[in-house]
Amino acid sequence: MSQIQTRNPATGEVLETYEVMGEQEVFAKIDSAHEAFLDWRSKSHEERAPYLRKIAGVLRDNSERFSELMTREMGKLLRDGKTEVELCARLFEYAADKGPEELADQERTHSGGKKRGIVTFSPIGVIYSVQPWNFPLYQPVRVLAANLIAGNSVILKHASICTGSGLLLRDLCEEAGLPKGLFDVIIVGHDLSDKVIEHKLIRAVTMTGSDGAGSHIGELASKNLKKTVLELGSNDAYLVLEDADIETAVKTCVMGRLYNNGETCVSAKRFIVTDAVYDEFVSAFVERMKGVTMGDPTKDDTQLGPLSSKEQFDTIVEQVSKSIDQGATLLCGGDPADDAGCYYPATVLADCKPGMPAYDDELFGPVASVIRAKDDENAMRIANDSRYGLGGGIFTKDEDKAVRLARDHFDTGMVRINSFGAADPNMPFGGVKDSGYGREHGGFGMKEFVNAKAIFLPS
């Protein structure tokens with residue numbers, strides 16, 4: 001592979017062609033990132049913060065430009081792209097505002113409390129960031145903002161279909177005054193990416209993507225004694241309990257399934273509905289899904305754009321077909337048009353059972369899996385019957401009960417109660433089981449790749 005081409009999934013149009021980098025060029029970028037780190041680490045958190053605030057401003061100034069590029073590269077609704085840009089600006093500002101406090105030295109004692117100790121959170125060097133295409137700006141930014149304030153430098157390998165987004169982010173960071181080399185982008189295949197992980201100047205690796213890719217990267221990094229943070233796939237369960245407000249549940253579940261064209265790791269995917277409200281919920285849910293407007297992602301009235309690529313489109317077609325062949329019932333959708341665009345309609349599958357892709361796997365597109373539960377307890381058991389554990393949701397009028405279930409029983413990193421959302425700068429983001437490990441946001445991401453250094457004083 002010597003070149004990468006990006007395509008507009010709505011039209012099939014070729015956008016750009018990029019040369020894949022060789023080992024010498026890539027390793028030179030790593031060397032430059034290390035040199036930039038040696039200077040950056042000498043700055044205080046308060047000295048680093050203004051750079052991040054300037055990047056936030058430049059991102060907002062280029063919101064239209066970046067949103068349009070994301071729409072062209074992976075089919076994101078244009079208005080969702082603008083929301084993503086704003087979230088990323090807030091992430092840089094959050095790191096600038098909270099980082100100095102989160103990463104400040106801590107006074108401790110040792111020797112039974114008789115002597116003074118200090119804990120510092122020291123940067124470690126060059127962080128390798130491997131990121132997917134579904135949020136072309138947000139995915140790299142959530143790593144970049146946290147690590148810049150911590151004092152590290154970052155090398156990004158972005159998904160090939162949004163190569164332009166990765167390069168534009170780098171250019172805007174440098175336009176905002178970020179020292180050259182502190183953040184750079186490499187365009188490489190898997191083999192050279194593995195060599196990057198092994199490179200002596202790469203101190204840690206963070207990756208968002210499939211559990212299969214995460215397993216490979218985690219194994220290679222650990223073999224080279226490098227820490228990783230892995231945010232992997234999921235098939236998040238949203239529980240509709242016996243006392244749920246059905247109107248709220250239906251409206252929120254449709255939004256949660258179709259957000260970002262259904263291509264979100266932490267979106268609602270499995271809908272576990274109790275017998276008591278099953279017929280009422282499913283009838284209203286299917287009706288809403290049937291009414292979704294699919295079309296041009298640049299138009300204001302479009303609710304569902306194309307999938308990101310032909311490869312992703314073919315994957316969804318196969319997963320739905322297999323599920324139906326194995327006994328799932330198609331309630332709506334499932335009949336994509338045969339044209340140039342990668343459009344897949346809002347789809348609902350019922351009677352989903354273990355062994356089906358719609359029950360076991362992640363459906364990364366606008367396909368909802370409905371599962372009937374006997375009662376609330378059975379719904380909670382089904383929700384946890386998954387190799388994944390990223391997020392989930394609970395619909396009930398009893399908020400105290402929901403909090404108890406979320407805290408004591410839901411085996412995931414995040415739980416939404418009577419609501420849906422993707423990420424917030426002030427709350428930790430990450431999962432358990434095959435959804436990975438480590439946390440981002442909420443101050444947690446700033447401490448993933450630092451050296452918590454203990455300094456013992458004699459008195």
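Numbers here simply count residues along the sequence, with the first being 1. Since this is a predicted model, take the numbers as computed values, not measurements. What's counted below: heavy atoms across the whole structure, side chains too, no hydrogens, waters or symmetry copies.
Contact check for Y437 versus V229: no side-chain heavy atoms found under the 4.5 Å cut-off. Looking at K157 and S129, their side chains never come closer than 4.5 Å, going by heavy atoms from C-beta outward. You'll find the side chain of E102 stays beyond 4.5 Å of the side chain of D97, heavy atoms only. Contact of the L405 side chain with the M380 side chain is registered, since non-hydrogen atoms from C-beta on lie closer than 4.5 Å. The shortest distance between side-chain heavy atoms of S2 and V20 does not fall below 4.5 Å. You'll find the side chain of I149 reaches within 4.5 Å of the side chain of M446, heavy atoms only.
Ring-centre distance between F364 and W133: below the 6.0 Å cut-off. Taking the six-membered ring for Trp and the full ring otherwise, Y51 and W40 have centroids separated by under 6.0 Å.
Here the closest non-hydrogen pair linking F66 and V85 is CB-CG2, 4.1 Å.
With salt bridges taken as basic N to acidic carboxylate O contacts below 4.0 Å, one links E231 and R142. D236 and K269 are not joined by a salt bridge, as no carboxylate oxygen comes within less than 4.0 angstrom of a charged side-chain nitrogen. Ion pairing of D191 with K195 is absent here, as no side-chain N (NZ or NE/NH1/NH2) approaches a carboxylate O to less than 4.0 Å. Ion pairing between R60 and E86 holds under the 4.0 Å rule for side-chain N and carboxylate O. Under the 4.0 Å criterion applied to side-chain N and carboxylate O atoms, E64 and K82 are assigned as salt-bridge partners. The pair E174-K180 meets the salt-bridge criterion, with a side-chain N (NZ, NE, NH1 or NH2) lying under 4.0 Å from an Asp/Glu carboxylate O. Checked for salt-bridge contact, K227 and E448 meet the test: a charged N lies under 4.0 Å from a carboxylate O. A salt bridge is defined here as a Lys NZ or Arg NE, NH1 or NH2 lying under 4.0 Å from an Asp or Glu carboxylate O, and R387 with D360 fails to meet this definition. A salt bridge does not link R404 with E399: none of the charged nitrogens is closer than 4.0 Å to a carboxylate oxygen.
A side-chain N or O of R257 and one of S267 form a donor-acceptor pair less than 3.5 Å apart. Checking N235 against S386 by side-chain atom types alone, a donor-acceptor pair falls below 3.5 Å. At a cut-off of 3.5 Å, with distance as the only test, a side-chain donor of D385 or Y359 sits close to an acceptor on the other residue. Side-chain contact check for E19 and Q3: at least one donor-acceptor pair (N or O, by modelled atom type) lies under 3.5 Å. There is a side-chain donor-acceptor pair under 3.5 Å between S193 and Y128. Counted by atom type alone, Q139 and N134 present one or more donor-acceptor pairs between their side chains at under 3.5 Å. No side-chain donor from either of T6 and Y18 sits under 3.5 Å from a side-chain acceptor of the other. For the residue pair N260/K76, the side-chain donor-acceptor check at 3.5 Å is satisfied.
Using the six-membered ring where Trp is involved, H441 and Y138 have ring planes that are tilted, between 30° and 60° apart. Below 30°, between 30° and 60°, or above 60°: for F285 and F281 the angle between ring planes is below 30°, a parallel geometry. Using the six-membered ring where Trp is involved, F313 and Y344 have ring planes that are perpendicular, over 60° apart on the 30 and 60° scheme.
Remark: K447 is positioned above the aromatic ring of F121, its terminal NZ or CZ atom under 6.0 angstrom from the ring centre and at most 45 degrees off the axis.
Within a 6.0 Å radius of CD in Q106, other residues, nucleotides and ligands contribute more than 12 heavy atoms.
Residues satisfying the ring-ring contact (aromatic ring centres under 6.0 Å, His included) criterion with H199, sequence neighbours excluded, are F27. Qualifying side-chain hydrogen bond (donor to acceptor under 3.5 Å, both in side chains) partners for T412, counting only residues two or more places apart in sequence or in other chains: none.
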